[in-house]
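So the structure is just underneath, and the comments pick up after that.
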Amino acid sequence: MPPLDESAPFEPAPVEIEDIGSNPARLVAGRETLAEIAERRLSRRTALLGLAALTQLPAAAAAESDGPSSLGFTELSHRLSQRDAVAPGHEIQTVIRWGDPVLADAPAFDPQAVTAAAQAQQFGYNNDYVDYLPLPHGSQNSEHGLLVVNHEYTNTNMMFPGLGAGRSAALKASAAQAAAEMAAHGMSVVELRREGGRWSPVAAGRLNRRITAETPIRIGGPAAGHERLRTNADPTGTQVLGTLNNCSGGNTPWGTVLTAEENFNVYFGGAAATTGEQKDHYRRYGILSESLYSWSRHTDRFNLDKEPNEPNRFGWVVEFDPYDPTSVPVKRTALGHFKHECCNHAISADGRVAIYMGDDERFEYIYKFVTARRWHPTDRAANRDLLDEGTLFVARCLDDGRLEWLPLVHGEGPLTAANGFASQAEVLIETRRAADLLGATPMDRPEDVEPNPLTGRIYAMLTNNTARGGQRLDRANPRAANAHGHVVELIPPGAGTSQVDHVAPVGRWEIFLLAGKPGVDAGARYHRATSDQGWLSCPDNCTFDRKGRIWIATDGAPSAAGVADGLYAADTAGYGRGLTRLFYQAPTGAEVCGPCFTPDGETIFLAIQHPGEEAGSSFERPTTRWPDFQPGMPPRPSVIAITRKGGGEIGS
């Protein structure tokens with residue numbers, strides 16, 4: 001294989017699925033845009049100078065007196081390279097890669113012969129969400145735990161030799177190759193230990209598990225058993241095989257994991273998408289007659305002409321217990337049917353649990369679900385089906401800074417039989433249409449929506465939306481042609497106190513930052529002390545450290561801004577509020593996602609997915625050497641761990 005030329009120009013990947021957009025509301029003229037709202041509300045004090053936050057963090061998180069940022073690392077310089085890089089004084093460890101063993105009998109990885117049987121026992125492909133759950137359950141152990149990882153999708157061109165470059169290779173996959181792709185989807189649970197400063201999987205750990213596109217999963221909640229979820233293989237509408245396109249996710253206070261099904265539409269194909277009675281429903285979810293994969297040609301359940309209801313069985317949040325490898329995962333239909341990017345929890349002052357979610361597509365919405373009952377801190381069994389009962393809400397941002405959470409409840413407002421909703425199940429199956437009718441605020445690709453555990457503020461990563469024109473076509477934009485995205489804070493009543501009310505149907509919102517390069521990209525706004533290396537593009541996932549600082553991972557920066565995707569950190573309050581600093585950058589073509597800290601804050605895990613995904617890349621000629629380049633070995637999506645040399649808390 002010839003050497004790779006790092007000086008060659010970057011060739012961007014094809015248009016992302018999320019960039020297409022299927023919301024007809026984007027065509028409605030005359031609505032005031034979020035840009036116009038934001039212009040009035042982006043005060044110089046809070047947005048440009050970062051001199052004050054509306055909520056102050058505890059003293060431990062206050063900015064240091066000798067500078068505006070409390071972060072102690074030396075930031076990187078922006079770059080495009082085949083190698084990754086981290087701030088000086090830190091080290092990178094590869095923890096696990098595609099094809100590494102998960103189950104006891106897993107065979108050695110053979111990139112020339114990827115099979116479904118082998119892949120179902122090995123670490124799956126394109127890892128997105130990462131979670132670390134201490135062992136034993138309920139502890140704060142930062143040396144021994146479970147690594148829980150989502151496997152979002154497969155790059156067929158990088159998995160199998162001889163299929164050529166680009167996404168068109170997926171349509172050439174044989175039945176056996178398609179079966180291997182199904183086995184590479186889903187989730188992995190891997191026991192993990194840190195010894196001598198190094199992280200390593202525990203071979204044949206008793207809690208290790210693979211969940212794939214063929215794993216039996218129960219359907220729970222109001223839509224379970226509905227006729228639109230019934231198929232020939234499952235006439236009851238209560239049992240489905242597998243979970244697909246698991247993007248980000250979350251966990252619960254009772255120790256289960258929530259995994260979010262995102263772009264499920266790409267696996268289905270058939271003439272019914274354009275001619276059947278469900279064609280309008282299919283269109284609203286971006287389901288086309290031609291799949292992006294070959295699965296619909298090999299497996300009946302992905303063929304719309306044979307199983308028209310199968311797509312309704314994906315696009316949900318799936319809950320499972322990682323501490324019990326025999327537990328049956330459950331699709332929680334009460335949380336809505338859309339392209340879930342995430343599902344992050346917050347505990348309200350009254351003990352009920354709110355789950356915040358983004359629908360990752362242009363002009364889609366931000367949601368929250370509130371449980372009907374309180375959770376039980378000492379009784380896990382009592383929380384088993386807590387997410388089957390409650391209320392789903394969708395967000396509307398008003399021009400005066402108020403936030404309204406609109407309930408998606410059958411019989412209320414337009415959600416009636418007159419508008420085609422005969423029951424709560426149908427409201428949930430057609431969540432997007434219900435939210436359209438309620439007048440929710442269309443947003444610029446809502447990805448991670450995550451609460452800051454120290455303040456209760458919610459941070460929504462809005463990745464980008466270049467389709468937004470300047471003629472007020474919708475309300476969901478901070479600016480026209482938004483190539484770089486932005487971050488919005490959703491502020492519930494009581495934020496910053498011990499009485500945060502996540503149940504309340506009202507709140508406030510603020511702009512935290514508008515991404516892009518200041519002075520170059522119109523509208524880019526940060527703290528005024530942000531360096532030439534600290535600006536970012538295309539925020540995707542986020543997490544918070546023990547001091548309440550935000551860590552933002554990006555997806556799409558190479559094509560949008562000419563810099564590698566990376567991980568940035570910033571204070572959320574005090575003099576350093578919004579002053580982003582570059583901590584880590586991935587190799588060209590790879591996305592950074594799933595940031596997750598150990599409880600002691602001394603390790604941050606990152607998912608590095610789709611290395612080599614650029615147009616023109618293939619198994620035979622990958623365009624990146626990430627992470628352990630070998631001739632005949634394609635780049636392998638991986639989970640890495642970053643620690644400080646000599647130990648200590650990340651970011652201090």
Side-chain angles (χ1 to χ4, degrees), residues 7 9-13 16 19 34-35 38-39 42-44 46-50 68-69 71 73-81 84-87 362 444-445 447-448 459-470 477-489 511-542 550-572 576-593 614:
S7 66
F10 175 76
E11 187 174 3
E16 295 295 327
D19 293 340
L34 202 55
E39 283 298 317
L42 262 170
S43 71
R44 177 173 297 272
T46 60
L48 300 181
L49 299 181
S69 174
L71 293 159
F73 63 84
T74 301
E75 68 178 346
L76 292 174
S77 297
H78 280 133
R79 58 192 236 149
L80 276 176
S81 172
D84 64 346
V86 69
R362 287 174 172 175
D444 284 353
R445 282 190 60 193
E447 298 223 28
D448 212 358
Y459 290 75
M461 306 294 110
L462 303 173
T463 296
N464 53 39
N465 187 354
T466 56
R468 195 289 190 184
N477 315 283
R479 52 190 165 175
N482 184 12
H484 303 287
H486 58 295
V487 178
V488 170
E489 289 175 306
I511 295 286
F512 182 68
L513 64 82
L514 291 167
K517 186 174 184 178
V520 174
D521 299 310
R525 297 186 182 184
Y526 305 82
H527 190 290
R528 68 176 180 181
T530 301
S531 76
D532 288 341
Q533 313 307 323
W535 60 269
L536 60 91
S537 179
C538 304
D540 182 347
N541 297 142
C542 72
I550 192 169
W551 295 72
I552 300 172
T554 69
D555 174 20
S559 56
V563 299
D565 281 318
L567 183 70
Y568 300 76
D571 292 300
T572 56
R577 171 179 160 85
L579 201 172
T580 49
R581 303 181 69 184
L582 176 57
F583 177 74
Y584 170 86
Q585 278 198 299
T588 301
E591 169 190 350
V592 180
C593 45
E614 306 97 302

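What you are looking at is a predicted structure, and each value in this text was computed from that prediction instead of being measured.
Without hydrogens or angle criteria, Q585 side chain to R79 main chain gives a donor-acceptor distance under 3.5 Å. Of the possible polar contacts, none joining the Y526 side chain to the F512 backbone as a donor-acceptor pair under 3.5 Å is found. Using modelled atom types, no side-chain atom of D555 and backbone atom of E591 make a donor-acceptor pair closer than 3.5 Å.
Annotation: side chain of R525 is not in contact with side chain of L513 (no heavy-atom distance under 4.5 Å). P539 is not listed as a side-chain neighbour of H486, based on a closest heavy-atom distance of 4.5 Å or more. A heavy-atom distance below 4.5 Å is not found between the side chains of N465 and R445. Side chains of T580 and T530 form a contact here, defined as non-hydrogen atoms less than 4.5 Å apart. Counting heavy atoms from C-beta on, the side chains of I552 and M461 come closer than 4.5 Å. You'll find the side chain of F583 reaches within 4.5 Å of the side chain of V86, heavy atoms only.
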Side chain to side chain contact (heavy atoms under 4.5 Å, CB included) evaluation trace for D448 with Y459: CA-CA 8 Å; D448 212 358; Y459 290 75; over 6 Å; no
Worked verdict on V488 versus L462 for side chain to side chain contact (heavy atoms under 4.5 Å, CB included): CA-CA 8 Å; V488 170; L462 303 173; 3.7 Å; yes
Test log, rule side chain to side chain contact (heavy atoms under 4.5 Å, CB included), inputs E75 and S531: CA-CA 9 Å; E75 68 178 346; S531 76; 2.2 Å; yes
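Expressed to the nearest 0.5 Å, how far CD of E489 lies from CD1 of I511 amounts to 9.5 Å. Interatomic distance, L76 CG to L582 CG, rounded to the nearest 0.5 Å: 4.5 Å. Atom-to-atom distance recorded for D444:CG and T463:OG1 is 9.5 Å, nearest 0.5 angstrom.
Closest of all the heavy-atom pairs between A570 and L579 is CB-O, 3.5 Å. What you find for Q533 and S77 is that their closest heavy atoms are OE1-CA, 3.1 Å. Looking at every heavy atom in both residues, D84 comes nearest to P587 through CB-CD, 3.7 Å. Taking every heavy atom of both residues into account, A515 and L536 meet most closely at CB-O, 3.3 Å. Smallest separation of non-hydrogen atoms from R581 and L71: NH1-O, 2.8 Å. Taking all atoms of both residues into account, the shortest heavy-atom contact from R479 to L514 is NH2-C, 3.7 Å.
Among residues two or more places apart in sequence or in another chain, the side-chain contact (heavy atoms from CB on, under 4.5 Å) test is passed with A557 by S537, T554, V563, D565. In this structure, Y568 has no ring-ring contact (aromatic ring centres under 6.0 Å, His included) partners at least two apart in sequence or on a different chain. When the side-chain contact (heavy atoms from CB on, under 4.5 Å) test is applied to T466, the partners found at least two apart in sequence or on another chain are R362, A483.
Counted by atom type alone, T588 and E614 present zero donor-acceptor pairs between their side chains at under 3.5 Å. For N464 and N482, the side-chain atoms include no donor-acceptor pair closer than 3.5 Å.
The aromatic rings of W551 and F73 lie tilted to each other, with the angle between the two planes from 30° to 60°.
The six-membered or imidazole ring of H78 lies near that of W535, with a centre-to-centre distance under 6.0 Å.
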